[in-house]
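Basis for what follows: all heavy atoms, side chains included, without hydrogens, waters or symmetry-related copies. In what follows, chains are A, B, ... by sequence order, proteins preceding strands, each numbered from 1.
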Amino acid sequence: MNKDRWATYDLIFFDCDSTLSTIEGIDELAKLKGKEGRVGLLTNKAMDGDLDLSDVYGKRLQAIRPTRGQLKIVEERYAETIVEDAQEVIAALHFLGKKVFIISGGLVDAVRGFGRRLGVAPQNIRAVELEYNELSGEWWHYHEPKIQHEQRYLEYIADSLTISSGKPNIINELAGDSHGRRFMVGDGSSDLATQTVVDLFVGYGGVVSRDKVKNESAVFIQSLSIAPVLPLVAGKLGYEKVKNTVHQAVYEKGIHLALSQAVLFKDTTSHETFTNTFNIQE
Amino acid sequence: MTQYTILIATEVTEEAKALLRAADDIIVKEVAPKTAVVRDNLHDAHALITRDEMRVDAPMLEHAPNLKVVARMSVGFHNVDVEAATKRGILIMNTPGVSAIAAGEHTLTLMLAVSRRIPTVHNSLREGYWLLDRSRQVGTQLYDKTIGLIGLGRVGAIVAQRCLAFGMTILAYDPYISEDSVDDRIQLVGFKELLQHSDFVSLHVPLTRETEGMLNAESIAQMKIGARFINTAHGLIVDEHALAEALKSGHLAGAGIDAFSEEPPYNSPLIGLDNVVHTPHVGDNTVEATQDISLRVVRQVLDALHDKDYRNVINLPMLPGVDYETIRPYMRLAERMGLLLHSLSRTPIRRVALEVRGNDMSGLIKPLTVGVLKGLLQPILGAKVNSVNAPLLANERGWQITQAKGLRAAAYSNVINLQVTLDDGEIITMTGALLDKSEPYVIQINQYRMNFVPHGHLLLMGSYDKPGVIGRVGTLLSENNVNIAGWYTGRAGPGGNTLSVLTLDEALPENVIYELEQLDFIRHAHQLWINSD
């Protein structure tokens with residue numbers, strides 16, 4: 001590899017909770033129900049890798065039994081607590097012709113709605129599907145759309161996203177026949193598990209910094225802003241493309257942060273390569 | 001032939017009336033849309049066609065013992081007492097979609113008229129002024145502006161398409177829309193976000209408890225300075241006084257209003273404001289929409305009275321894009337399972353749980369539940385219960401209705417599992433399926449495998465599994481001249497309990513049932529009759 005050139009990436013995968021938004025959707029749901037104590041404990045154990053996600057998934061949902069309406073509220077909360085520069089970063093990635101995906105162990109109704117607001121196509125978003133009890137509330141008021149919001153959780157559909165080691169499968173599925181180098185950014189240990197199927201895994205600690213992720217990620221972002229993702233994904237060439245567009249400012253902010261202490265590189269060679277890429281005088 | 005009387009209490013086109021006259025079992029009665037007049041004519045009516053002019057409420061329905069259908073020539077049904085009609089088993093239908101294009105185009109009409117101040121410049125020219133004050137007459141363009149659509153149903157989507165053609169950015173707030181069905185160029189946002197970022201805000205939601213007054217002083221205050229507001233939906237969604245204040249203070253630059261909180265709007269503060277373009281609720285008033293809606297409503301009513309199809313019925317569990325013909329066999333299967341379960345229940349019902357499995361059944365849980373409830377209630381309430389009021393009546397009896405997962409029953413693919421919990425704690429489970437998507441089969445009752453079509457005269461019999469049962473029951477029935485058409489027995493295991501279902505060519509006399517019950521191997525016996533229409 002050319003020592004002076006940072007490689008670029010084409011398929012960009014984001015985790016959702018604590019990466020694009022500062023909240024954990026399921027904890028937010030628990031708060032709506034006054035069950036945050038028990039549920040938060042379970043979430044943390046899973047994210048730190050102490051418990052497998054499959055062991056806690058059903059337990060958390062059974063404790064909460066959310067309605068569709070409550071998931072809409074979570075969607076709203078995701079949007080309100082969006083991570084600094086997340087919207088701008090995704091817009092710039094699209095501008096640069098990158099394919100953007102969201103992979104979340106959160107609940108699909110909320111994640112897909114939030115993703116749509118960020119401009120990510122629904123088919124590029126994977127999260128956990130739920131089944132609802134259609135005979136909830138006054139279900140025979142077929143004409144009232146809000147009756148649908150009263151439908152209560154019945155069961156979740158167990159798949160790769162509800163086990164700790166599942167995200168790699170989803171990346172392979174979503175990437176499908178798309179060629180290109182893969183880039184994943186996330187905060188949790190289930191995100192870290194994708195290192196085997198992506199070309200670069202970037203840990204994000206701007207919301208929650210987890211030691212396991214910090215120690216094992218090739219690159220680790222510690223800034224509140226997620227803007228460093230841009231130069232890490234698209235390098236110098238990307239910067240040339242966004243010059244004189246609305247995306248220039250966020251890209252420059254990303255470069256600035258990435259060259260500072262806000263971004264850690266596990267490997268000094270790759271750190272040098274990255275630094276050199278952006279330090280070439282014009 | 002059954003004769004049906006249709007009471008028309010509104011304007012319907014001649015073409016539509018001709019369609020009714022052509023049907024030989026229909027009597028048409030036209031009356032003025034006045035509450036007293038309609039009430040006096042309701043006694044014989046089977047269907048009532050109305051518009052917005054009049055309320056159809058509980059006291060009025062008291063006068064309508066034969067009424068089956070209330071058909072509304074509009075999208076809204078806010079002045080029909082849905083609960084009261086539903087309780088009486090009366091279908092309520094509306095005519096959505098017909099005037100959506102008319103309403104959508106009128107929205108654009110108002111947007112353009114407001115932004116180019118058409119009434120003002122039109123009037124000044126009529127008064128003889130050519131260039132009175134160019135700066136006062138200056139308009140704004142739609143191009144590059146942002147429109148916020150509150151509601152993205154039929155009308156909202158039509159407006160969105162047209163606004164895209166004008167080069168506008170589209171925001172929409174609709175908490176009930178499914179994300180997948182939305183055009184990628186429309187950005188779904190929260191309510192507050194929409195108000196804060198839109199140059200135009202346009203309402204396209206029905207009037208409901210939720211939307212009433214949703215645009216009030218507080219939400220108007222969130223709107224951009226200089227924004228414009230359009231309402232072609234319903235007047236009561238807006239606090240007119242707050243809106244008038246915002247228009248007077250200059251917070252809002254203009255408004256286009258076709259719907260008022262009181263119509264005619266004698267006291268509306270919006271009438272006569274310089275920056276308001278108002279029209280007298282003509283959003284749906286086009287030649288095309290008027291003709292279309294008349295024909296549509298008449299066809300809907302005829303099909304419903306003739307039990308052919310139930311379109312746009314708001315108090316039936318119909319599925320969008322699926323016709324009644326497709327759903328009917330499933331509802332019938334469910335209803336027969338309900339009837340059977342009733343006859344197996346020896347104490348009152350407390351809880352009804354349903355599980356549907358397989359692609360054929362997916363999405364049908366509500367029609368199936370309605371069928372089951374109708375079947376469970378019919379032996380108790382008779383003709384009073386139908387598919388419209390069954391859920392409400394079950395609710396009144398305190399039954400807990402729920403969807404379930406993993407009811408332990410037969411492991412077939414496309415099935416309904418029905419589980420009833422009785423007052424004494426007993427649980428009865430039944431599985432049914434449709435053969436060839438038409439023939440209803442019961443394939444399991446509790447632990448007993450079965451395979452019969454529930455129709456005609458049935459004898460349900462619980463016994464102990466021992467030799468001679470079939471012989472002795474057969475003898476008893478033959479002595480009484482009753483022919484056994486089919487005999488289906490399921491048993492828990494050798495020597496245990498069995499459950500038998502016998503299909504009979506005629507009913508058993510009561511004394512024979514009594515004699516059956518006296519046999520030492522019989523646990524219980526009862527018969528029922530299922531009308532196989």
Side-chain angles (χ1 to χ4, degrees), chain A residues 58 61-62 65 67-80 82 87 91 94 108-125 127 130-158, chain B residues 77 82-83 86 92 94 96 151 153 174-182 184 186-193 205-206 208-211 312-319 352-356 363-370 373 387-392 394-395 400-406:
Chain A
L61 282 170
Q62 268 311 329
R65 303 217 317 123
T67 62
R68 278 189 197 270
Q70 285 161 342
L71 282 166
K72 269 283 167 195
I73 297 175
V74 173
E75 176 190 327
E76 234 16 82
R77 293 282 296 134
Y78 274 144
E80 285 164 14
I82 186 167
Q87 179 109 49
H94 280 134
V108 77
D109 303 58
V111 177
R112 199 162 276 165
F114 175 48
R116 217 199 128 89
R117 294 183 189 204
L118 292 170
V120 181
Q123 66 269 23
N124 287 6
I125 300 174
L130 292 189
E131 270 186 64
Y132 294 90
N133 188 339
E134 292 187 50
L135 307 177
S136 306
E138 296 183 331
W139 54 271
W140 56 89
H141 286 172
Y142 318 105
H143 57 283
E144 284 193 32
K146 87 177 216 307
I147 291 302
Q148 214 203 0
H149 276 197
E150 289 171 7
Q151 291 180 2
R152 199 164 283 287
Y153 166 74
L154 186 64
E155 194 183 49
Y156 73 94
I157 297 167
Chain B
F77 35 84
V82 176
E83 207 76 8
T86 301
I92 302 167
N94 61 352
D174 190 331
Y176 303 117
I177 196 104
S178 99
E179 311 276 345
D180 310 353
S181 65
V182 179
D184 280 344
I186 301 173
Q187 239 180 297
L188 289 178
V189 295
F191 183 50
K192 226 196 221 166
E193 210 179 335
V205 287
T208 63
R209 265 169 292 172
E210 246 179 311
T211 62
N312 300 324
V313 177
I314 64 147
N315 53 356
L316 270 187
M318 291 300 147
L319 308 175
V352 179
L354 269 97
E355 175 183 24
V356 296
L364 291 177
I365 182 105
K366 285 180 188 171
L368 288 167
T369 307
V370 166
L373 295 177
S387 300
V388 170
N389 59 14
L392 214 59
N395 190 48
Q400 190 200 336
I401 318 290
T402 188
Q403 186 179 351
K405 271 282 163 194

Exercise. CZ/A:Arg112 to CG/B:Leu188 distance, rounded to the nearest 0.5 angstrom?
Worked result: 13.5 Å
Problem set entry | Nearest heavy-atom neighbours spanning B:Ile314 and A:Tyr142 | O-CD1, 3.5 Å
Exercise. Who among B:Pro206, B:Pro317, B:Gly190 has the most heavy-atom pairs with chain A under 4.5 Å?
Worked result: B:Pro317
For this session: Compare every heavy atom of B:Ile186 with every heavy atom of A:Arg116, then report the nearest pair and how far apart it is.
Result: NH2-O, 2.7 Å
Problem set entry | For A:Glu134 against B:Gln403, the heavy-atom pair lying closest together | N-OE1, 2.6 Å
Problem set entry | CA sep, side-chain torsions, deciding dist, call: A:Glu144, B:Arg209, side-chain contact (heavy atoms from CB on, under 4.5 Å) | CA-CA 10 Å; A:Glu144 284 193 32; B:Arg209 265 169 292 172; 3.1 Å; yes
Exercise. If you measure from CG on A:Leu135 to OG1 on B:Thr369, what distance do you get to the nearest 0.5 Å?
Worked result: 4.0 Å
Exercise. In Å, rounded to the nearest 0.5 Å, how long is the span from CG of A:Asn133 to CD1 of B:Ile365?
Worked result: 7.5 Å
For this session: For a side-chain contact (heavy atoms from CB on, under 4.5 Å) with B:Pro175, tell me which candidate from A:Lys146, A:Arg68, A:His149 qualifies.
Result: A:His149
Exercise. Given that the side chain runs from C-beta out, which part of B:Val82 has a heavy atom under 4.5 Å from chain A: side chain, backbone, both or neither?
Worked result: side chain
For this session: Please test B:Leu373 against A:Trp140 for side-chain contact (heavy atoms from CB on, under 4.5 Å), starting from the C-alpha separation and ending with a verdict.
Result: CA-CA 12 Å; B:Leu373 295 177; A:Trp140 56 89; over 6 Å; no
Exercise. Considering only heavy atoms, which portion of A:Glu75 lies under 4.5 Å from any heavy atom of chain B: side chain, backbone, both, or neither?
Worked result: side chain
For this session: Go through the atoms of B:Asn395 and report whether side chain, backbone, both or neither lie under 4.5 Å from a heavy atom of chain A.
Result: side chain
Exercise. Checking B:Thr208 against chain A: side chain, backbone, both or neither under 4.5 Å from a heavy atom?
Worked result: neither
Problem set entry | A:Glu138, part contacting chain B, at a heavy-atom distance under 4.5 Å | neither
Seminar exercise, completed: Honestly, the part of B:Ile92 sitting under 4.5 Å from a heavy atom of chain A is neither
Exercise. Near B:Lys192 NZ, under 6.0 Å, is it more than 12 heavy atoms from other residues, nucleotides or ligands?
Worked result: no
